[in-house]
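Structure, as structure tokens:
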Amino acid sequence: MLTALVLLPVAAAIVVMLIPTRRREIHLPLGIALSVMPLALAGYLFSVFEPAAGFQYVDQVTWYEPWGIDWYLGVDGISLPMVVLTTLLVPIALAASTTITSRTKEFVIYTLLLEAGMIGAFLALDLFLFFVFFEAMLIPMYFIIGIWGTERRVYAAVKFFIYTAFGSALMLAAIIGLALTYASQEGSPSFALSDLAGLDLSVGSERWFFAAFAIAFAIKVPLFPFHTWLPDAHVEAPTAGSVLLAAVLLKLGTYGLLRFNLALFPEASVDAIPIMAILAVIGIIYGAVVAIVQPDLKKLVAYSSVSHLGFIVLGTFALTSGGLQGAVIQNVNHGLTTGALFLLVGMIYDRRHTKKIADFGGLQKTVPLLAGFFLFMTFASIGLPGLNGFVGEFLVLIGSYPALPSFTVIAAFGVVLAAVYLLWAYERVFTGVPDKEENSVLSDLSVREIALLVPIALLIIVIGLYPKLLLDKITPSTEAVLDNIVEQTDFVVPYPGRMADVYVADEG
Amino acid sequence: MITPPEISWIAVAPDLAMAIGAALVLLVDVQWKPAPRVHGWVVGATLAVAGGLTVLQWAEAADALAAGDTESLVAFSGLITMDGFAIFSRVVLIAATALGLAAGWRFVVSLGRRGAEAIALVLLATTGFSLMVASNNLIMLFLGLEVGSIALYVLAGLARERRESEEAAIKYFLLGSFASAVFVYGVALIYAGTGQFGILGIRQLLDDFIISSPAVIYIGIGLVVAGLGFKVSAAPFHTWAPDVYQGAPAGLVGYMAAVAKVAGFAAITRILLTAFSDLSDTWLPVVAAISVLSMVLGSVLALVQGDVRRLLAYSGVAHAGFIMTGVVGGATDGVLFYLAIYAIQLVGAFAVVAVVSGPDGAGSSLDEYRGLGRRSPLLAGAFTILLLGMGGLPITSGFVAKFGVFTDAWAQGYQWLVIVAVIASVVAFAFYIRVIVVMYMDDAGEETPLRVGPERWVLALAVGATILWGIFPSSLLNLAADALPI
Amino acid sequence: MADLLWLVIALPLAGALFLHFVGRYVKEPISGWLASAAIGGAFVIAAIAAVPFIQGGAEPRTIPLWEWMPAIGGSFELLWDPLAALMALVVTGVGTLIHVFAIGYMHGDERFHRFFTNLNLFAASMLTLVLAGNYAMLFLGWELVGLCSYLLIGFWYTRPTATAAAKKAFIVNRIGDFGFMIGLMLVFAVFGTLSFAGVFERAGEELTGGMATAIGLLLLVGAAGKSAQIPLYVWLPDAMEGPTPVSALIHAATMVTAGVYVIARSAPIYEFTPFASTVVATVGALTAIWAASIALAQRDVKKVLAYSTISQLGFMFLAVGARAYIAGVFHLMTHAFFKALLFLGAGSVIHAMSDEQDMHRMGGLRRKMPVTATTMAVGALALAGIPPLAGFWSKDEILAADFARGGWFYFLWIIGLITALLTAFYIARLWVLVFMGEPRWDEEAHPHEAPRVMTLPLIALAILSIVGGLVNTPFRLGLEHFLEPSFEGVQVQEAPTDWLTLAVLAGLSTLAALAGAGAGILAYNRPRERWRRFEESFDPLWGTWEQAYGVDDLYGRTLVLPGRRLAEVTAFSVDSKVVDGAVNGVGRMVRNAGDWARPLQTGFVRNYGVLFLAGALVVVVWLVAGA
Amino acid sequence: MVETILFVIAALATLAGAVTVVLARNPIYSAVGLLGTLFSVAILYVVQLAHLVAAVQVIVYAGAVMTLFLFVIMLIGVDKEETRVEPLPRQRLWVGGLAGVVILFAAGVALFGDFVWVPAAATAVDQDATNGTIQAVAEPLFTDWVLAFEATALLLTIAAAGAVVLAQFKRKRA
Amino acid sequence: MVPVGWYMALAAALFLIGALGVLLRRNALVMFMCIELMLNAVNLTLISAGRAMNDLNGQVAVFFILVVAAAEVVVGLAIIVAIFRRRATASVDELSELRG
């Protein structure tokens, strides 16, 4: 099933490829239609997923025996939400790309291939395979930014590609090292996560490997100070690119930290808590502060991502139930919220062909619906309780406090700053009187655009009020991660960091 | 009374076939002056036969190994072998030749009467290199090397209408023969040190005795490495490559570069890993250093090139470095796989160059590739895939190849080398990406689509190999793993 | 009935949703009535559900709804106890009246239905806040009311001042919430749960004095933000940019009292930290007098009321800080009545004067709008604390409690007394300036009495302001008994019991009230230039008050501007130059290396030869040396 | 004794010739120098009993090859003298440096490392073993080395074909 | 009886001179002659070493090197002539258009 999930988009891409280029009008609709199939499959997967069963629907096929590499897919509570998110956002991103008129065919193909890469990366349980997907998906994204982007697209695309490739290069070295260490201990090399997790490494090498992985993922997240590719990429990328980049690609970083660093290098992870926490907190505050004064709406949202993803990393390395659950669920939340925000910015851009905040003002009068959605997403992003963002942040903050009090307190201030930069931006863009001529003649959201935003909005509310839906799937896996660390190291989860510590009063 | 030597036809069958083919082409041409198409058939047939014979050889070798007698694989009283290593390399050479000729066919045709000679030279060069990769004797190896090289010198000068072509020829020739002299002096010194020309003989000797004062041998090894390093254009012996790649006829450069690299590395691997593996402690660091220098210098220089052929040349230098890591790794299969993949991709890439810059290969500056993505999407797409393959992006065979050699090097304890290598490959990405940028992200200057001739088959195969062996590498990897030198 | 309690929240919410989606198709007044009906229904249900407590003997109960964030003990559950009931009744009751009033007030606004959508949404949020069964859910309501306040302050989004005020309100509240959140972190870290039941159950064994103090102070920060106490009160005056019903409902009667409610709710924690409590009381006292003094000199009628609200909230803090929780909540209730009344009255005046808010351009309106005038007079007296109106009882009880507490609280008591005097003065000034004297408004504005739909709520509130106090008098402590179950096991500061002291205290505060009111009337019931001269005689003090001590631009200069600068430096120097510069620098370095190495390729065969030979030589030497 | 004298003379001649090749400004003199070297090397062959090789050296090299050289020299002009100035910057510096390094290296190896030119040298030289008569050389040439011998055929073919291709020259753009 | 070392040293010197010659001269022909010098040095080495080891293969090897040399000469001179035809020069320094 998982294999099918990975290959469906590829198949879709091939189908689109077969449509002659001159039939330009059908590529996009077809792409959207086809990209719904993975969504359906993912939905089914979500419904039949057994939270308690750990990795399931495992597909393992030997790829090349002597090297011990396998086609090894499996899904658990940590990857499941990401897969669903991916499959959900791709159709939306595609449907949001009707403004792309040149070389539509290629665009659709790249997007579908990108989807395949992302799903694969989330499902891969073999480090080699993971690396393949992790690296391979750069290319479609590179093209999406570089071909359909705005003025400095080439610079942004190349920067994105090289920077990320650099990170993953080190990771490749580390992966090789791991596999060979395994070979030296067990006789034959293996790249399977399950095998390598059990590896006993010397403290030194474990730390090196951890660093290599951490840098790769830190660049992807991106953590301060590796974040500078992100604003450029976002600003230049077309809407669909920004959406997928923010919503899914960045998550590969946080996902990787959670899935690989914690699982493979428990000792080093525990030792690295301070460093990662510091970087995370710096990211939170720094990203927010920088976002405040950004003159470009997209750049502002980009920096807000830097800030928000800091929370995820913080939660991950707090190593508490709350923190981990928060991290995973925040992965989804940020994907939805920021994705939606980029959609909206894109819609504004389609109307005004500018992203400069200074060029706007009083839009709420001319495009009330758009303003409404924007405000909604803004508050979701600020972390308004009742919406999804809050669940993630609150879990992270409250959950991390017992482990990392001081860091968490500083991080909490990011919540204040979030309100500052987003509301100020909203004020400047939407409120007041539309003084500029071109701002007073815009058309409000079309039915299509509303149709794109509504499902996201609904999910945002549902997750905000009834996160159980996700948490039930997530919790067993995150607990497993935590248990593993506790077993492997002498790390003690501070009270009340574990689910078991939560006190339930006997209530009448 | 002289006892007639026993001849093992099978060991040289493919080479014989190609030599005969070459002769045939020349004779047919002299006799009937047929249309180029006819030559095409002859060459095709020749290469097909040669390829078929290699299959026979493989079966033979397999039986022999199964029977456990490696002696029977050594033919002509030790001059050459028929081991898997030789056969694999030979197959790669033949494949590269077939593809290369197809890629250069329009150029060959454009040569008119001289076309036949060109074809013959190509075939002979391949024959020479194929003897070289099989030779188990340094002098034999030298002969093969010279047969190949001299033919290549001529080929480099074939695009006579272009001044650069002559310059390329003379540079290639002078430096080449200079390098050959150095190489053969090395051979002479090794002979002085060991009294052997035979590679296995040397191996035996070094296994059995400790040479009291081996300095002369080391000098020999050094000179041999330098000489062969020239052929594979490893830094700092690479200087000829960019000029020659740029000057030589576009259609044939791919072929020239590919076969030289394959043969050269086959020789280096055989000499270092078979003959002198006992001295590896001494030469490993040196080879590692060459590898690093090649990777760094190649990538960095390729980054600033404005001409695609020079860019590919420097990238070739970098690749020489990557393959060297495989040599350091000490596993022949990694090297062989890399060579096979790289040869195909190189020929493919130059097929594109040939299409873009016309039969005699006038210009090949990056500007000519502006907007190629619009102009002829398929061509650009193929080029993109090949470039990414060379860059070593996952799901292309290039990645598998790099992964293989890096793994070997790491296992040898050369972690630092691997780290340098991965970083170098990122830089490599940077310049391959540049070409892609130009093709896709700059608006097209010229709009008329390019005429693609036989190159399309080359590209189809090269791209296919890049993708398929990228996703299902095991078939080729298994072959490479079986293709061990005796 | 308590099982249907969720309806109390669900009804207004449903109203909000309905209006949000189909509101624009509903004719103008109907949507307003629908909203009112929704919240009215909530009131009815709450009232019925509250009956058992009124009868007495009923236990508080927790009604679990569904799981939310189990990992941190956050879930959707309602706590139904007298305190919650009282709050719910106040919110829904006063809320209903204000809804009705708004139907008239918002008449003709093109976003009429949107206004009631938000109003209903606010009601739902506020009810969530007061009915919440744990801190997480309380925080949910806490933030949602903040959102509604943001939306409603900025309701007229085309006014830059309004949107700015809205943003300011939200952000200042956020700063408070920052402290509040940290408080919650501590709570969870200490108790391993966020549910009230759990926390209060374990307060005894888990809580150390220091931790209690920390939590107490952090909660205070949050409360100070929401309830506009020093130093976070600055947003409330600006919040007057919103429509007047909003000011009445959110910024007088309900939302701003949330802080008081939270502290009362957390009594079991403050139980263990006298220090924190004292701080609460002190902050309250200072805020009370500080805001009152500012209120003295405001010209904008709503500004006066705003600062008065801040001041009154100060009183409530003074109460709950002194552990006189019941007195605090009591004052919360009465204040809700008369302050809502005053705001709505002001609203109807402003409405009549076609959006004129400057008292200097009013005067002599009592003939034009008698109902408003009288009802507002009632409100004023109640606020001033003239017996036997509502304000008197509650305020008097607070002061009495502080007096009884003794020690430091004597000092606070005195402050309270002075504040009472000032309060009486400024409210008298307000009423006189608006309704007495000669008209100071120009002719084309011809004020008129408000329509019935607006006056009726005024009358209703007036009645409440009169009798509201009687639920808890020294003679009959109804409210006290009613609320007891909520403060079980918490020691509550009672007023002194001996009648003499009580009488004296009551006398004192009455005296203060009368004095203030008298002075106000005397000073302002005169021709304009006279009282102008009177005001000027206080300069520069008066000016300072009028400028609200210039706190706003103080904050602006010390916090906002430096913040902007910092952000700009970080963004445009550090980030783009240093961090990104480093990244691009590496790239450039590599390229430069290439350009630098390029001359190696001179194109001269003989140079190549040299390089080749040199290389070979190095290899050879290295090999031989290596051997 | 005889051998020593011959060696010294021939060696000096060889080096003299070689130096001439390098230093002579006119290609003709270089050619003559080369000729000298070839002959004296041939002498050294003879001294070492490599009769056949020596003969071939004289016939093929001094004969055929040198003639070819002289032809070309004549073709491209005898008077093409090379000035002593070195156009390439620092070329001579480099070359000098290289030479220096080589000599230093040689010296170093000679002094410190117990350098042996032919470690595998036999204790007693057996004159017959390496008596390079036609018979003696022919036997290995046509048995053990037969494949190499055949391979030379390829070389000659290439040489022929290559020369032909390069020689014919149709003037497209001069 | 002359020690083999002398021969070898002589050959080495010859090789070095040849090599330096290649680097010092700009006339393609002369450079090429220098390469011939180097090859001669190789041959001398082979023969001397072979003799020292009582091994005839050294002499046999020389044959092949001679052939190679001959072949190179043919091709090399052909190239030189071809270039001369077009540019009327044999100086390699003037062939430096390809660089960088």
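Given the structure is predicted, the values throughout are model-derived calculations rather than measurements.
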Can F105(D) and V624(C) be said to form a side-chain contact (heavy atoms from CB on, under 4.5 Å), step by step?
CA-CA 10 Å; F105(D) 173 67; V624(C) 174; 3.7 Å; yes
Counting heavy-atom pairs under 4.5 Å with chain C, the top scorer among V95(D), L98(D), L88(D) is L88(D)
Around F115(D), counting heavy atoms of other residues, nucleotides and ligands shown, do more than 12 lie under 6.0 Å from its CZ?
yes
For L559(C), does the CG atom have more than 12 heavy-atom neighbours from other residues, nucleotides or ligands under 6.0 Å away?
yes
Other residues, nucleotides, ligands: >12 heavy atoms within 6.0 Å of F572(C) CZ:
yes
Can you tell me which of T602(C), L613(C), V610(C) forms the most heavy-atom pairs within a distance under 4.5 Å of chain D?
V610(C)
Side chain, backbone, both or neither: which part of V621(C) has an atom under 4.5 Å from a heavy atom of chain D?
both
R90(D), CZ: over 12 other non-hydrogen atoms inside 6.0 angstrom
no
Return the CD to CZ distance between E86(D) and R606(C), rounded to the nearest 0.5 Å.
4.0 Å
